[in-house]
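To find a chain, count down the sequence lines: A is the first, B the second, and so on, and within it residues start at 1.
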Amino acid sequence: MEELEGYVENIVFRNEENGYTVLHLSHPEWDDEICCVGCFSYVAEGQYLVVRGERVFHKEYGEQIKMVSYEEKQPEDSMAIEKYLGSGAIKGIGPALAARIVRKFKEDTFRIFEEEPERLAEVKGISIKLAIQAANQFNEKREMRQAMIFLQDYGISMNLAVKIYRQYGQEMYEVLRTNPYKLAEDISGVGFKIADEIARQAGFYQDSDFRIQAGIIYCLQQSTAQGHCYLPQRELVDVTAQLLGLDPALVDCHVDELCMNKQIICREIGDQRCLYYGRLYYMEMNCARMLLDLNLDFPVKEKELEKKVKSIEREEKIELDEMQKTAVFQAVQNGVMVIMGGPGTGKTTTINTIVRIFEEEGMDILLAAPTGRAAKRMSETTGYEAQTIHRLLEMNGAADGDDRSGMHFERNELQPLEADVVIIDEMSMVDIYLMHALLKALVPGTRLIMVGDANQLPSVGPGNVLKDIIQSGFCDVVRLEKVFRQAAESDIILNAHRINRGEPVEFRKESRDFFCLERSQPQDIINVVIQLIVQKLPPYVNASPYDIQVLAPMRKGELGVLKLNELLQMYLNPSMPDKIEKEFHGVLFREKDKVMQIKNNYQMKWQKINAFGDTYEEGEGVFNGDSGVIRTISTLTETVTVEFEEGKMAEYDFSDMEELELAYAITIHKSQGSEYPAVILPLLSGPKMLFNRNLLYTAVTRAKKCVTIVGSRQMVDQMIRNINEKKRYSSLCQRIQELEASDAEMLS
DNA sequence: TTGACAGG
């Protein structure tokens, strides 16, 4: 970590929504300006800053400081004061006036501004009016600094303090005194917890109305982190009461008041009162409306279409089965449709044919997926450029961490996507936010084709978008069920289907691709895993140990990814005198290690190099979930070279290493969208929320040739019985059905 | 207890 101080010479880029800023810092003693990057809540050119951060090397923009924290500082010597005043920090005062002011008042300048502003007019060229105005500005900044210090006493970070001050200004003190919980409402980044702590310090009662209401809203917001779009009243009241340490009855009577103030929304589903955080209610509602509006009929001549499909089949040397043909026909005829299918059911072939048909009509087609990797795979399998939905919609300004406040999409109802067809793959990963954003950017007349496997892991964000759409029955859904892969009669596929149906898996003695080795102690499980990956499986599936993937449900714990990686590294890639190592954030990376990129990086350059050392292909972009092997580590150039699939070599600066993780073992979540010859699955125990049917299904279907579960059979059965996404409260399905019914009524 | 997305 470095610390440097200097003037903000110029602001190269600034996103006002979230503060993401690129700026140049200068100092009289430096030869060159230094570029700093980060989320600066408030900056202006001419400010004097103390910046702490890491020195990194950006491939395009060179050396820069990645800001970790910063503060504004008042300059002290007269040179610095003059520079500060003259920098434009105070309106009406330029370099010339600043010089004159400082020549007169020297080190006393700042005191004059604060205490005797009228004396500024003694300087030639400064009127009384300008003097007062300048002093006011100056003092505003001082007040801000005081406010910062005040807030920091409550344990509030600098960044939050700036946000709070920007929101309320001097009224901040009043807000803090009367209702600190307002902070949680008005300021993203201040949650109930921080507000509650401030309130406690300010002497608020445990059962104050403000506290209870803020608590209810907070719990509703928090429930979205569990994937809910709403909570039944009973459940909401119970969790809130628990959080606040109060009696449920006391909480319950506040719910109605919040509904009346429209702070939360209440709707009945069946005989159950459901409470929504407003934004989510409107999102579901709008999604339903937009989906229905999008679902136009496009009449076609079936004979001609059939002919076209035939000729594509001939050209591509493929043969579509009945369901695939149905999918193609529906795609052409409907504004909205869903294609569902597990791995190996021919989704790719179907998408390809659909793309070809539309292409021959000269239509504009856009392909996208919710993750970078899925998009990349879509590009590879279709031969058309696919991108993340976020990029498609030109996302802007998502801040780090959980703060989604600044995030928005440039493509929306005002500037919709210009396309005839939009095809989205891996729809199961799309949450209600993303769906809403996508739909807003589509106009009726554009076809929306959604492809996915509803049995995979649910989306990160709230909602059961794909399942709700399918269940609502408003559009055509084609289910591809026939398994084309050669392993059609394999136990992997059979068991995957059993898992889906909720039946116990069969471990047949004579099975050739689906095994369970029962062990009850973590250490035994680890030993078996190592034995499998080092000795037994490679010859069995005819692959190298690096092709075999260990998948674990969790990161932490005795059987977590972190621990497993440490051990597997020891056995698969032990330390050797000639292997260079580099520690980063407590993890040791070594040459020949199997690693994975954990963040989309569109700038990362890669090249393919032939046996003579010549580059024969190059490009950009490494995606979240891509795995590779460390080829070289250079302590001299401070770089790590990683070889990804197809010999793509990418060079990481040491400071980019936060984008890499060891990948002998990865979480099942991370494996979604990838396939491996063999999968080893250590399963023993863990939280019920996580150990569910989807997770097991996702893990099992990653394997092409062989699945080996090591651990508890009982846990396997438990997971199959544990359908927890049923517990995701969402109502997109109901909203669609309601609107569809009322549309029909209007027409009749 | 796990997770994605981007900007000069």
Rounded to whole Å, how long is the line connecting atom [atom1] of [X] with atom [atom2] of [N]?
{"X": "A:M689", "N": "B:dT1", "atom1": "CE", "atom2": "P", "answer": "11 Å"}
{"X": "A:E9", "N": "B:dG8", "atom1": "CD", "atom2": "P", "answer": "22 Å"}
{"X": "A:L438", "N": "B:dC5", "atom1": "CG", "atom2": "C1'", "answer": "14 Å"}
{"X": "A:H390", "N": "B:dG7", "atom1": "NE2", "atom2": "C1'", "answer": "14 Å"}
{"X": "A:K376", "N": "B:dC5", "atom1": "NZ", "atom2": "P", "answer": "13 Å"}
{"X": "A:F409", "N": "B:dC5", "atom1": "CZ", "atom2": "C1'", "answer": "7 Å"}
{"X": "A:Y20", "N": "B:dG8", "atom1": "OH", "atom2": "P", "answer": "7 Å"}
{"X": "A:L434", "N": "B:dA6", "atom1": "CG", "atom2": "P", "answer": "11 Å"}

Determine whether the aromatic ring centres of A:Y277 and A:Y230 lie less than 6.0 Å apart.
->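 No.
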Side-chain N,O ([X]) to OP1/OP2 ([N]) below 4.0 Å:
{"X": "A:T388", "N": "B:dA6", "answer": "yes"}
{"X": "A:N624", "N": "B:dC5", "answer": "yes"}
{"X": "A:K599", "N": "B:dA6", "answer": "no"}
{"X": "A:R391", "N": "B:dG7", "answer": "yes"}
{"X": "A:T667", "N": "B:dG3", "answer": "yes"}

Looking just at side-chain N and O atoms, do A:Q456 and A:S428 make a donor-acceptor pair shorter than 3.5 Å?
->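 Result is no, nothing qualifies.
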Heavy atoms under 4.0 Å, any strand shown: does A:Q387 hit a base, just sugar-phosphate, or nothing?
->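 No contact.
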NA contact type, A:V12, heavy-atom cut-off 4.0 Å: base, sugar-phosphate, or nothing?
->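 Answer is nothing: A:V12 stays at 4.0 Å or more from every strand.
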Decide yes or no for A:E651 and A:W606: does some side-chain heavy atom of the first lie under 4.5 Å from some side-chain heavy atom of the second?
->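 Not touching, per the 4.5 Å side-chain cut-off.
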Tell me which nucleotide among B:dG8, B:dT2, B:dA6 gets nearest to the side chain of A:N600.
->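 Nearest listed nucleotide: B:dA6.
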Closest to side chain of A:V460, choosing from B:dT2, B:dC5, B:dA4 |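 Closest nucleotide among those given: B:dA4.
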Could you pick out which residue, A:S459 or A:Y61, lies toward the 5' side of DNA chain B when each is mapped onto its nearest nucleotide?
->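 Its nearest nucleotide lies further toward 5', so the answer is A:S459.
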Say whether, by atom type as modelled, one donor and one acceptor occur between the side chain of A:S379 and the main chain of A:A386 under 3.5 angstrom.
->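 At least one qualifying donor-acceptor pair exists.
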Parallel, tilted or perpendicular: which describes the rings of A:F623 and A:Y602, with under 30° parallel and over 60° perpendicular?
->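 Because their plane-to-plane angle is over 60°, the rings of A:F623 and A:Y602 count as perpendicular.
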